[in-house]
Each structure stands twice: as C-alpha cells, then as structure tokens.
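Input: a single structure, listed below in structure tokens.
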Amino acid sequence: MESIAIQHLTFSYDGGQPILNDVSLELPLHTSIIFSGPIGSGKTTLLKVIAGLLPKYGGNCSGKVVIPHGQQIGMLFQDPAMQFTMDTPQHELEFTLENLQVPHEEIDKQVKSALTFVGLEKLAQQKLTTLSGGQLQRVALAITIAMKAEIILLDEPFSSIDEANRQFLLQKLTQLQNERGTTIIISDHDLHNYQKFSQLVVQFHNSEATLLSPHDSSTLLNNADHQHSTNLITKIPPLTANVVMKLKDYAVSRNQTPLINPTSFNIIQNKVTLLTGPSGAGKSTLLKSIAKLAPYQGEITYKGQNIKKIFPGKYYSKVGLIFQETNQQFLNVTVGEELMLSIKNGRNPFLTQKTTKELLSMVGLPDISQRIIYSLSGGQRKLIQNLVMLIMGQEILLMDEPFAGLDHNSLQRLLLLIEQSKHHFPQTILIVSHQLDHLAGIVDYHLSLTNRQLSYQGGTQNESQR
Ligand SMILES: Nc1ncnc2c1ncn2[C@@H]1O[C@H](COP(=O)(O)OP(=O)(O)OP(=O)(O)O)[C@@H](O)[C@H]1O
Ligand SMILES: [Mg+2]
C-alpha cells in the first residue's frame, strides 16, 4: 500500500534539543490517522515537516519524509485566523484558487461547492474577522477542499468548537475520505468520538512518535469515549447572591439579524460562571461586550455604574479578557519578560510573590523563561496566557476558551491553579468553554446560550432559594 514514509527523522529547532528523535513511520494513504500526545510533544512540528514547511522555514532536520508523487497537501493550522489574508470566505477561496491557477470559469463553481460542503454558503460574504472560531475552522476546511488536496493535515481543528460542530466536521471529513480517498491526519488532545473515523493513532512521547497497533489504538479511543462527560450539575444563582454585573435587556444583532435576543441577567461576584452554546451563537461577542470591545443593545452595569460611563483605564484595571486566539494577548518577547511584566503590574498576591520558574512549574512547564513566546507550542502558549491573566488579578476575568488545546495533565494543573488562586484571592470569572470535562469542581453557575436565549442552567429560582 502506498504511504507517507517518514524515515529516521530527527528534527530540532535552531540550537535546541531534538523535538523528534529518529522517528520512522509508515502512514498509509487513503486512511485517517490521529496524532495524539502531550502539549509540546512535536505533533505540530511533524505536521509541518510533512507539509514541507519545516525545515524550509526553520530548524534542522536529518532523515527523510517521502510523499508519494503527485499528492497535493493542504494544512489547517492550530490558529485558523492566522492563515487568512483576504476579508471574506468567498474572497479567501477565490484568492487560493487563483494562486493555484485554476481556470477562471472553474473558480466560481469550486468556491460554491466547497462552501456548501462545509455548510457555510450563507456566510460567504461575511467579514472573516466577525466569524466564530468554529466558523473559521470551516472556512479553512473549505479551502483545502477547494484546493482538492489529496492529503489534508489538520492541527487541532476542534479545539475551540462545540460538540455539534465537531460531529459535523468529522462527518464531513469521513465523507471526503470515502468519496475521494483523501488521506487525513488530525492532531487532537481530545480523542472522544473518533472510533468511526479512524483506527490509526500515532502516539507522541519523549521525542518519539509510534504508530499504535489497531488493538491499542482502539483501546485508546474506546477509553476516551468512556471518559468523556458532558455532565455538569449546577444550580441557578440564588436571589440573595452578590451581583457584580447586571445585564439589562442585553441584545446583539449582526447584519440586521438578531444573534442574542434581549435578556436580563446578573453575574455573581467571586464565583465562576461557565458560558456554553453552539459555535457562532455569540459567546465571544458577549464577553467582548462586557469588555467594552463589541457593540450591544441594552445596558451593562458594573457595581451599579453603566460601563459605557467608566473610563477605559479604570475599567480595564477591573476587568481582564483572555482572547480566544492566543496571539492577540502578548506584548513582550520572551516568556520570562512577559511573566515579569505581569508580576510587576499584577494584583494577585498569591501569584505575584512567586518566581517565574515557580509559576511555570505550577502549570507543569519546565523553565522556558528564555523562549520566545511565538515559538511555543499551541498548548504551551495557552498556559502562559492563562498564567499572565491570573497574575494580573483583575476583579473580573473573562476567559474565552482558556482550556483549548490542553492535554489532560495540563488541564488538571491549570484547574488546580485556578482553584488555589480563587481560594487566596477571590475573583469573578466568566469562562466560555465548549469542553465540560473536569470543570465540575470549579464551576459555580452555568449560563447557556441556545436559540438566541441566555439562561442559567439548574433548578428553578425557587428551588435554589430554599
Ligand atoms: N519555532 C520554534 N523554535 C523553538 N522551539 C519550538 C518552535 N516551535 C516549537 N518549538 C518547541 O518544540 C516542541 C514541540 O512543539 P509542537 O508545536 O510541535 O508541539 P505540539 O505537540 O504540537 O504541542 P501542542 O499540543 O501544545 O500544540 C515544544 O516544546 C515547542 O516549545
Ligand atoms: Mg500543536
């Protein structure tokens, strides 16, 4: 059977230890393969080597990667927004196909069919900057489909999208595989629901990558299905709870269509509230409204004062936002500099008294103070982003997908850190997360955004008052 052959591949970034050490793998064509392993274990690196981006754009490599002749490769990056250059999905697709010198009369047809395949035809003309994380993933997938890539590499395509979208995309990928015989490689931390999609798992560990036997692959995927839980039992906030923010008749519309219908609700002080809802429903928009970064109708008050009347300087000393895309967050260059800056300006005494090394080890990272932030792996960057925000210690913390791309151990450590920090230094935390695994311990309340309505999950108000 034809395959992508990786032969004795050793790869290191400039001057560093090998990230992949003497890796040999035969990845059969026309199958679906999963890359699994802890954060920083080299999954993205190997995908980029297969895609031909490394060592072309950095690093040193020995050994060989042999791609069967004529196989076109398309790659979806961990951060989909980074790979777009145009303003709308339509233009982005046209641009890609023009670059590939697809005849003009063909372009329109291919663009339409790719957008329809991923269910995005209605959003073809919408600005990419206004699309949700899940929608951006669909655009990226549409591009590889339009390119007619025979090999598609997807780097954590589902890390910030909801279950329904994950299912949808997995089903589309399976369809693509069946209809076109596309070879699909996905790197992911969350292995639930993959059993129908693939029986081949490559496990990354200690600079090595091994193709698991069908039996071991299936056991791993099976376990992931069993461990996956979406159960979260919360109560609705009691009427007596301390309110820190009030949203009154809050509503958002986009291009004249309502996204969130007028609702009024409170955010409870010094509690952790989880906000869930389908991709594109408006969760990030809600966080941005609260952060005064997106327009809305109605009124938002912070301790009784309309937030529109609070000076930005004062407001942002009270409210901090973790963006969904980690790249928007960082001002500095190395991890050490970034952490030192937060320690200097931060208000969370539980964390500002610690050294950078201690802080890193609290989230399970080695002393990577000297590393340039942009060179970190996706999961490592996410951990630094969370650390920085916790150190800053604003009264209210808005976190948009803070757990995306973390492996099980990193997630556990981060949750423990949030819990400890909360204990020493209470904060109001509003978390948008599509993944509910393991959150039961830290979440107090659960706001759900469905069918344009926002509501607290749990018993009735009367019940929780009793
Ligand atoms: N440009 C770079 N320069 C130096 N080191 C790098 C660079 N890019 C990645 N690394 C390091 O190489 C290791 C592997 O990174 P890689 O991005 O391949 O991991 P990953 O398995 O994809 O992790 P994640 O699950 O967090 O996405 C990490 O320790 C990372 O910090
Ligand atoms: Mg990665």
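What's counted below: heavy atoms across the whole structure, side chains too, no hydrogens, waters or symmetry copies. Indexing begins at 1, ligand by ligand and atom by atom, following the structure's order.
Ion pairing between Asp188 and Arg166 holds under the 4.0 Å rule for side-chain N and carboxylate O.
Here the Mg ion (ligand 2) has protein N, O or S atoms under 2.8 Å from it, and they come to 2.
Using a 30° and 60° split on the angle between ring planes, Phe350 and His424 fall in the parallel class, below 30°. Ring-plane geometry between Phe11 and Tyr13 is classed as perpendicular, the angle between the planes exceeding 60 degrees on a 0 to 90 degree scale with a lower cut at 30. Between His438 and His408, the angle of the ring planes goes over 60°, which puts this pair in the perpendicular group of the 30/60° scheme.
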Practice task
Could you go through the side chain to side chain donor-acceptor pair (under 3.5 Å) check for His192 and Gln227 one step at a time?
Solution key: CA-CA 8 Å; His192 84 274; Gln227 281 159 13; over 6 Å; no
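Residue Phe425 holds its CZ atom at 8.0 Å from CZ of Arg347, rounded to the nearest 0.5 Å. Rounded to the nearest 0.5 angstrom, Glu26 CD and Leu29 CG are separated by 10.0 Å. Here the CG-OG1 distance, from Leu430 to Thr428, works out to 9.5 Å after rounding to the nearest 0.5 Å.
With contacts defined as side-chain heavy-atom distances shorter than 4.5 Å, the pair Leu417/Leu351 qualifies.
Protein neighbours of ligand 1 below 4.0 Å, counting non-hydrogen atoms: Tyr13, Ile19, Pro38, Ile39, Gly40, Ser41, Gly42, Lys43, Thr44, Thr45, Gln78, Glu156, His189, Arg371, Ser375, Leu376, Ser377, Gly378, Gly379, Gln380.
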